[in-house]
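Report on the following structure.
Worth knowing before you read on, the calculation uses all heavy atoms, side chains too, and leaves out hydrogens, waters and symmetry mates. Order of the sequence lines sets the chain letters (A, B, ...), proteins ahead of strands, with each chain counted from 1.
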Amino acid sequence: MRLYNTLTRQEEEFAPLRDDTVRMYTCGLTVYARGHIGNFRTFVALDLLRRTLREVAGYMVRQVMNFTDVDDRTILESNKAGVSLREYTDRYVAAFREDAEALGLEAVEENPRATDEDNLRSMVEMIQSLTANGHTYESDGSVYFKISSLSDYGKLAHLDHEGIQPGARIDSDRYEKDDARDFVLWKATSPDEPTWDFGCGPGRPGWHIECSAMALRLLDGAPIDIHAGGVDLVFPHHENEIAQAEGATKETFSRFWVHVEHLLMDEGVKMSKSLGNVFTVQDVLDKGYRASALRYVLLSVHYRKQLRFNWGSLDQAEEALKRLFGCLARLEELTGGETHDEVAERVEAARADFAAKLRQDLNVPGALGVVFELIRFVNTSIDNDELGQGDAAEVLAAFDEFDKVLGVISLRRAEEAQPGVPVDEIEQLIADRKAARARRDFAAADAIRDDLDARGVALEDTPAGTTWKRK
RNA sequence: GGCGCCGUGGCCAAGUGGUAAGGCAGAGGUCUGCAAAACCUCCAUCCCCGGUUCAAAUCCGGGCGGCGCCUCCA
């Protein structure tokens, strides 16, 4: 499939290097707080990539997504909360899992945590290799990476050395760095901070080293196929990961780099606490929106374009999903009828188009267009009595196939299974209403419908009888 | 200041050389006890100005506007 590679700044043909397995590392969450919907925009996009590689491109996928469970913020917040770092970060690992499940994110093969001993040991080993290769220096108990020792440093971010503003952030108080761009590999700790000592002296890992080390440890060495994350990670995080991994192994770290653009709020600004516009998945659900609608919003804009989030987009997504589900319901209720070659042809064409869009650098919005074009065709065919039960089975199979990538139908089905009113009661009320209509007591009939409507269940009269659905 | 991205109908959003997918909203119509759903019809020439080309939303140049990174960040 075609995939845009940040390393070359162009779209390239992607295929895994070894066997038919894509080895992919995706930067996960720093678990100092609950992830917000901007974080999950990235995770949903990467979930789509994972599913597309498997379902459309036909590869196996081995994906690693980490939890950064040690850094300045996690340490600070756990101290404030008065609990251990592990206990504190456990909470947000659990919160992430809850939100991920709500959004229908597939579980990935590995979710390593930076502070697991195996991982810390591999970080230390990598630092030792870097030292052996002459890429490090020590200062005040901390180990730094020496930028000037690696000639192609900067190849990902394409920042020339002069372009990096010195002075913007210098650890002028405690650490002595040779160059403003040098970064810490192993950080000396103060007595009250979590500290490990596996060979680099007492301290804790720098921010970047965990990803380099865990990616190579869990994905069987360099080069891995894909490394991905949000755009903000391009520099310095990913640039530094490359420096570490390549400085240590002298091999290409990752063949492809995939970056997901940001989600912005209404006014075109990033979410930030100071602006009070940070929203979590739970916040969205608490406002009464459904997770399936949120997933739809997050996947309905191409991953390399900024997504301007506003609450109205959730309403639009809700309506679009209702249209999709209305079509599914009609298909499922169809009985009898002929089978038509034209339907089979249209379904086949839609499948091919859908796959082609995704193969083109994950064009999910384009693929959604294909889905809705098929919906119109199906609805028209049913209206004209040109679609039989046999056809319906084929169309439904196609939708199932689409959903293996989109993951939004299965998500909503699970929601639909839990209406606000018990199914038995709904069915009883439908029967009561039918009786009222039979005696032409439309006031009573409408009262039942209005009552259910108010409780979140919509009734629709069709030639085959009355159906209900959750609103 | 350096690097980069973006600007498509009322809103959201594909398309990147051959005369504008799709979703939402809106108008009219069919159907209906009324609704709902569904269907049909209508609703853009692609920020502006030049240029290249038989042909440009799509390529080049220049503007205007928005955003990101360069500093913790998905």
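Straight-line distance from the CG atom of A:L299 to the P atom of B:A13: 13 Å, rounded to whole Å. Atom P of nucleotide B:U71 and atom CG of A:L233 are separated by 14 Å, given to the nearest angstrom. Rounded to an integer number of Å, the gap from A:E319 CD to B:G22 P is 19 Å. Rounded to an integer number of Å, the gap from CG of A:L368 to P of B:A14 is 10 Å. Distance, A:D441 CG to B:C34 P: 17 Å, rounded to whole Å.
Heavy-atom distances to RNA chain B give each of A:G326 and A:Y296 a nearest nucleotide, and the one nearer the 5′ end belongs to A:Y296. Comparing A:E261 and A:Y4 against RNA chain B, the residue whose closest nucleotide sits nearer the 5' end is A:Y4.
With hydrogens and angles disregarded, no donor-acceptor distance shorter than 3.5 Å links the side chain of A:E239 to the backbone of A:V234.
Of the nucleotides present, none pairs with B:C72 by Watson-Crick or G-U wobble criteria with both distances under 3.5 Å. With both pairing distances under 3.5 Å, B:C67 is matched to B:G4 as a Watson-Crick or G-U wobble pair. Pairing for B:A25 is absent, with no Watson-Crick or G-U wobble pair whose two atom distances lie under 3.5 Å. The nucleotide B:A44 finds no pairing partner, because no Watson-Crick or G-U wobble arrangement with both distances shorter than 3.5 Å includes it. Checking B:A57 for Watson-Crick or G-U wobble geometry (two distances, each under 3.5 Å) identifies no partner in any strand. In this structure, B:U30 and B:A38 make a Watson-Crick or G-U wobble pair, each of the two defining distances being under 3.5 angstrom. A 3.5 Å limit on both hydrogen-bonding distances identifies no Watson-Crick or G-U partner for B:U19.
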Problem - Residues A:W311, A:F279; criterion ring pair (Phe, Tyr, Trp, His ring centres under 6.0 Å); working and verdict - result: CA-CA 11 Å; A:W311 300 99; A:F279 295 98; 5.0 Å; yes
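Across B:A20 and B:G33, the matching P atoms stand 42 Å from one another, rounded to whole Å. Using atom C1' as the reference point in both B:G10 and B:G50, the two lie 31 Å apart (nearest Å). B:C54 and B:U71 are spaced 49 Å apart, taking the P atom of each and rounding to whole Å. When the P atom is compared between B:A25 and B:U16, the two are found 28 Å apart, to the nearest whole Å. Annotation: B:C40 and B:C12 have their P atoms spaced 26 Å apart (nearest Å). Distance check on atom C1': B:A55 versus B:C5 gives 29 Å, rounded to whole Å. Taking the C1' atoms as reference points, B:G18 lies 23 Å from B:A13, given to the whole Å. Using atom P as the reference point in both B:A36 and B:C31, the two lie 15 Å apart (nearest Å).
Distances from the side chain of A:D383 to the nucleotides B:A74, B:A38, B:G22 place B:A38 closest. Distances were taken from every side-chain heavy atom of A:H262 (C-beta onward) to each of B:C69, B:A14, B:G66; the shortest belongs to B:C69.
A donor atom on one side chain and an acceptor atom on the other are found under 3.5 Å apart for A:T68 and A:N66. Between the side chains of A:Q282 and A:D99, at least one donor-acceptor pair of N or O atoms lies under 3.5 Å.
Counting non-hydrogen atoms of neighbouring residues, nucleotides and ligands closer than 6.0 angstrom, the CD atom of A:E11 exceeds 12 such neighbours.
Using a 4.0 Å heavy-atom criterion, one finds that A:R439 contacts no nucleic acid atom at all. Using a 4.0 Å heavy-atom distance criterion, A:G28 is classed as a sugar-phosphate-only contact. Within 4.0 Å (heavy atoms only), A:N384 reaches no atom of the nucleic acid at all. A:G369 comes within contact range of at least one nucleobase, with a heavy-atom separation under 4.0 Å. Note on A:L46: nothing from the nucleic acid sits closer than 4.0 angstrom, heavy atoms only. If you check every strand for non-hydrogen atoms under 4.0 Å, A:D461 touches a base. Across all strands shown, A:L263 has heavy atoms under 4.0 Å from base atoms, whether or not it also approaches the sugar-phosphate. Heavy atoms of A:H302 sit under 4.0 angstrom from primed sugar atoms or phosphate atoms, though from no base atom. At a threshold of 4.0 angstrom between heavy atoms, the contacts of A:T30 are confined to the sugar-phosphate backbone, with no base atom among them. If you check every strand for non-hydrogen atoms under 4.0 Å, A:G229 touches sugar and phosphate atoms only. As judged by a 4.0 angstrom heavy-atom cut-off over every strand, A:V260 is placed among residues making no nucleic acid contact. Backbone-only engagement by A:A320 is indicated by non-hydrogen atom pairs under 4.0 Å involving sugar-phosphate atoms exclusively.
OP1 or OP2 of B:G23 lies within a sub-4.0 Å distance of a side-chain N or O belonging to A:R376. Using a 4.0 Å cut-off, some side-chain N or O of A:N363 falls inside it from OP1 or OP2 of B:G15. The phosphate of B:A25 has neither OP1 nor OP2 within less than 4.0 Å of any side-chain N or O from A:R323. One finds a side-chain N or O of A:K305 lying less than 4.0 angstrom from the OP1 or OP2 phosphate oxygen of B:A14. Between A:S300 and B:G23, a side-chain N or O to OP1/OP2 separation shorter than 4.0 Å is absent. Between B:C40 and A:T380, a contact under 4.0 Å exists linking OP1 or OP2 to a side-chain N or O.
Aromatic stacking of A:F442 on B:G33: satisfied, with centres closer than 5.5 Å and planes within an angle under 30 degrees.
A:D232 contributes no side-chain N or O that forms a donor-acceptor pair with the base of B:C70 under 3.5 Å. Judged by distance alone, with hydrogens and angles left aside, A:R449 brings no side-chain donor or acceptor close enough to the base of B:A36 to form a pair under 3.5 Å. Taking 3.5 Å as the limit, the base of B:G23 and the side chain of A:D315 contain no donor-acceptor pair of atoms between them. Interface remark: the A:Q316 side chain does form a donor-acceptor pair with the B:G23 base, using a distance-only criterion of under 3.5 Å.
By the 30° and 60° cut-offs, the orientation of the rings of A:F183 relative to A:H208 is perpendicular. Ring geometry for A:F43 versus A:F40: interplanar angle over 60°, hence perpendicular rather than tilted (30 to 60°).
Under the 6.0 Å cut-off for aromatic ring centres, A:F67 and A:F96 qualify, their centroids lying closer than that.
Under a cutoff of 6.0 Å and an axis angle of 45°, A:R323 and A:F372 do not form a cation-pi pair.
We find that A:R412 and A:E318 are joined by a salt bridge, their nearest charged nitrogen and carboxylate oxygen being less than 4.0 Å apart.
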